[in-house]
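One structure below.
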Amino acid sequence: MSSVTSLVQSVDWLAIAPPTLAAAVALVVLVADLFLPAARKPLLGWIATAGLALAALTLLPLLNGDRRTFCLPGHPDVCSYVADPFTLVIQFLVLGGALLTALLSIDTIKDHDLPTGEYWFLLLSSAAGAALLPASRDLATLVIALEVASLPAFALVGLRRGDRLSSEAALKFFLSSVAATAVMLLGVSFLYAATGSLYLSRVASGLADLPDPRLATLASAGVALTLVGFAFKTAAAPFHFWVPDTYVGAPLPIAGYLSVVGKAVGFSGLILVTVQGFPAYADVWGPALAVLAALTMTVGNVAALRQDPRRAHSAVRLLAWSSVGQAGYLLVPLAAAGYVHDPARAIGSTVAYALMYAAVNLGAFAVAALVARTSPANRIADYRGLYARRPLAALALGFFLLCLAGLPPGIIGLFAKVTVFAVAVDAGLAWLAVVMAVNVVIALYYYLQWTAVLFRGAKEAEGAEGTGAATALMAGEPSRARIPGPLVTAIALAAVLGVALSGAPQLVLRFASVALL
């Protein structure tokens with residue numbers, strides 16, 4: 001009887017509140033959808049938005065210190081769920097990104113006649129999984145959280161029924177992700193066979209002392225396969241091929257969600273398994289991630305550079321390839337963590353860069369959603385003269401693009417890139433720092449080219465080939481149409497956050513530099 005009693009655990013409900021609340025609101029929305037008449041369905045969007053805001057607010061009581069739950073009996077330091085500073089930063093990023101996505105989605109659902117209840121249920125479910133992942137400290141919970149975040153995203157991408165691009169994107173995303181998950185599960189099973197545990201702390205100690213050479217071979221294969229699975233989730237080359245078509249086929253808010261929250265999920269999982277689970281193999285995953293970083297940023301930036309401004313959906317494609325390039329920059333400090341004794345500063349650089357990228361990239365997608373209301377093709381050429389039609393939107397997009405490029409007044413973008421560059425140099429990865437510098441110069445060209453398009457005059461816009469939609473906008477009533485309030489709020493929040501981060505960039509790095517060991 002006493003042994004059974006020892007297995008009963010108390011649950012720290014406050015620690016698990018953020019993902020639990022998001023999941024609970026998802027169920028509320030699903031049930032409410034059954035009873036609300038069609039005219040009242042928009043209410044579900046506001047319930048979902050309020051739920052995400054409330055889930056983000058539950059992070060405040062957790063700032064006092066580490067909280068742990070679902071621990072092994074008799075081993076309070078071996079737990080499945082840990083709410084430490086790293087967890088809270090990533091959960092803030094995830095829930096904040098989901099909240100901005102919700103604001104973008106309210107009018108998108110109406111404009112594209114998407115199924116309301118299903119959309120909000122899937123978005124909240126994905127956000128709940130994404131919020132659970134950074135707190136996970138065992139491989140089983142990590143994989144489950146990853147799939148809870150990913151599976152609803154497949155359906156969200158393909159939710160535009162009858163749209164060929166949407167169906168094709170969802171199928172490609174689904175098949176690629178399922179293959180990556182199968183590879184990851186095989187790696188996890190190898191690690192469990194080699195170490196006898198799924199808890200990251202025990203996996204780390206087990207990998208450091210493997211008595212049998214056959215177990216060492218099995219463990220090496222497990223580490224490699226697990227890293228391949230997470231490389232797909234982060235859109236690292238050569239596992240990035242699903243990104244451009246998926247972003248183009250998905251509803252625009254979901255494309256923004258995948259570019260930010262999807263990356264946060266992949267990178268937080270990658271940080272946990274490498275730094276906490278596989279420190280004994282740092283000499284393997286460090287160089288591997290360095291090569292992946294160089295390849296990813298080069299492929300993403302070169303592909304973005306080659307986008308034709310007159311091609312349909314070229315704006316979204318450029319943002320998609322840009323996100324691949326940015327993933328390369330995010331991988332640089334993570335690779336550097338494999339070369340240093342204390343990885344806290346390197347990991348802090350990745351988290352700080354992710355916070356900057358999340359705010360400004362979602363802001364760019366928000367302005368793209370605004371332009372798409374009157375120019376569904378969403379070509380870069382359609383942004384010509386945007387300043388003449390929507391000056392505030394043009395200024396906001398210009399600021400977001402300059403942040404991504406790392407140029408003033410986007411101080412946070414410049415600070416993030418310099419920090420990442422310094423971490424690479426300090427770790428002895430001078431060659432990777434040189435590759436990054438070259439790629440930053442390449443990215444400057446296409447970011448500045450798009451920024452310049454925003455401020456070109458009406459005569460240039462009218463005379464430019466392939467800009468009939470932009471010309472019609474400037475001449476017609478749609479350019480004076482009222483912008484939906486939620487869309488304005490999303491753009492404003494992203495801009496305010498970008499400006500605030502630019503005002504105190506050093507605080508971001510200090511807050512993000514948290515020890516994981």
Side-chain angles (χ1 to χ4, degrees), residues 101 104-105 107-109 111-114 153-154 156-173 176 235 240-260 262 299-327 361-386 389-390 393-394 397 400-401 404 443 445-447 449-451 453-454 461 464-473 478 487 491:
T101 302
L104 291 178
S105 300
D107 286 280
T108 299
I109 292 174
D111 294 340
H112 296 279
D113 195 25
L114 300 176
F154 306 148
L156 286 168
V157 169
L159 212 54
R160 292 193 296 194
R161 299 166 184 169
D163 188 314
R164 183 185 62 82
L165 285 177
S166 181
S167 301
E168 182 182 334
L171 183 61
K172 182 178 291 188
F173 186 23
S176 305
H240 67 287
F241 51 85
W242 57 275
V243 172
D245 289 341
T246 299
Y247 284 20
V248 168
L252 210 49
I254 299 306
Y257 177 83
L258 291 175
S259 74
V260 170
V299 168
N301 285 318
V302 170
L305 187 65
R306 297 178 65 246
Q307 294 304 304
D308 184 352
R310 295 164 296 181
R311 182 184 178 185
H313 309 293
S314 57
V316 178
R317 285 189 175 276
L318 190 147
L319 287 173
W321 284 115
S322 163
S323 76
V324 174
Q326 298 287 342
N361 206 61
L362 270 174
F365 270 100
V367 178
L370 170 62
V371 173
R373 291 176 61 82
T374 45
S375 299
N378 218 330
R379 300 166 296 185
I380 294 174
D382 294 332
Y383 290 74
R384 289 183 182 271
L386 182 63
R389 308 190 304 273
R390 302 286 190 192
L397 180 57
F400 298 141
L401 293 175
L404 290 170
Y445 179 80
Y446 63 79
Y447 284 131
Q449 187 180 46
W450 192 358
T451 305
V453 165
L454 305 175
E465 183 182 353
T467 56
T471 305
L473 279 177
L487 183 55
I491 296 173

If only atom types and distance count, is the side chain of [X] paired as donor or acceptor with the main-chain N or O of [Y] below 3.5 Å?
X: Ser166; Y: Val157; result: yes
X: Ser323; Y: Ala320; result: yes
X: Arg389; Y: Arg384; result: yes

message: Looking only at side-chain N and O atoms, does Ser105 offer a donor or acceptor that is under 3.5 Å from a partner on Tyr257?
response: no

Exercise: do Ser314 and Asp308 side chains pair donor with acceptor under 3.5 Å: no

Atom of [X], atom of [Y] and distance for their closest heavy-atom approach:
X: Ala303; Y: Gln307; value: O-NE2, 3.0 Å
X: Ala327; Y: Ala235; value: CB-O, 4.4 Å
X: Val248; Y: Arg160; value: O-NH2, 3.6 Å
X: Leu165; Y: His313; value: CD1-NE2, 3.9 Å
X: Leu319; Y: Ala364; value: CD2-CB, 4.1 Å
X: Gly249; Y: Ala169; value: CA-CB, 3.9 Å

Could you tell me if the side chain of [Y] sits less than 4.5 Å from the side chain of [X], heavy atoms only?
X: Leu318; Y: Trp450; answer: yes
X: Phe365; Y: Ser259; answer: yes
X: Asn378; Y: Leu252; answer: yes
X: Leu487; Y: Arg373; answer: yes
X: Pro251; Y: Leu156; answer: no
X: Tyr447; Y: Ser322; answer: yes

Arg306 meets the salt bridge (charged side-chain N to carboxylate O under 4.0 Å, His left out) criterion, sequence neighbours left out, with none

[atom1] of [X] to [atom2] of [Y]: how many Å apart, nearest 0.5 Å?
X: Arg390; Y: Leu397; atom1: CZ; atom2: CG; result: 14.0 Å
X: Thr246; Y: Ile254; atom1: OG1; atom2: CD1; result: 12.5 Å
X: Leu454; Y: Leu401; atom1: CG; atom2: CG; result: 6.5 Å

| request: For the pair Phe173 and Trp242, name the ring-plane relationship: parallel under 30°, tilted 30 to 60°, perpendicular over 60°. | output: parallel

Give the C-alpha distance, both sets of side-chain angles, the deciding distance and a yes or no for side-chain contact (heavy atoms from CB on, under 4.5 Å) between Tyr247 and Leu258. CA-CA 8 Å; Tyr247 284 20; Leu258 291 175; 4.0 Å; yes

| task | Evaluate the criterion side-chain contact (heavy atoms from CB on, under 4.5 Å) for residue pair Asn301 and Trp321; output intermediate values, then yes/no. | result | CA-CA 7 Å; Asn301 285 318; Trp321 284 115; over 6 Å; no

Practice prompt. List the steps and the verdict of side-chain contact (heavy atoms from CB on, under 4.5 Å) for Tyr383 and Val371.
Written response: CA-CA 8 Å; Tyr383 290 74; Val371 173; 3.4 Å; yes

Here the salt bridge (Lys or Arg N to Asp or Glu O under 4.0 Å) pairs for residues 240-260, sequence neighbours left out, are Lys172-Asp245, Asp245-Arg317

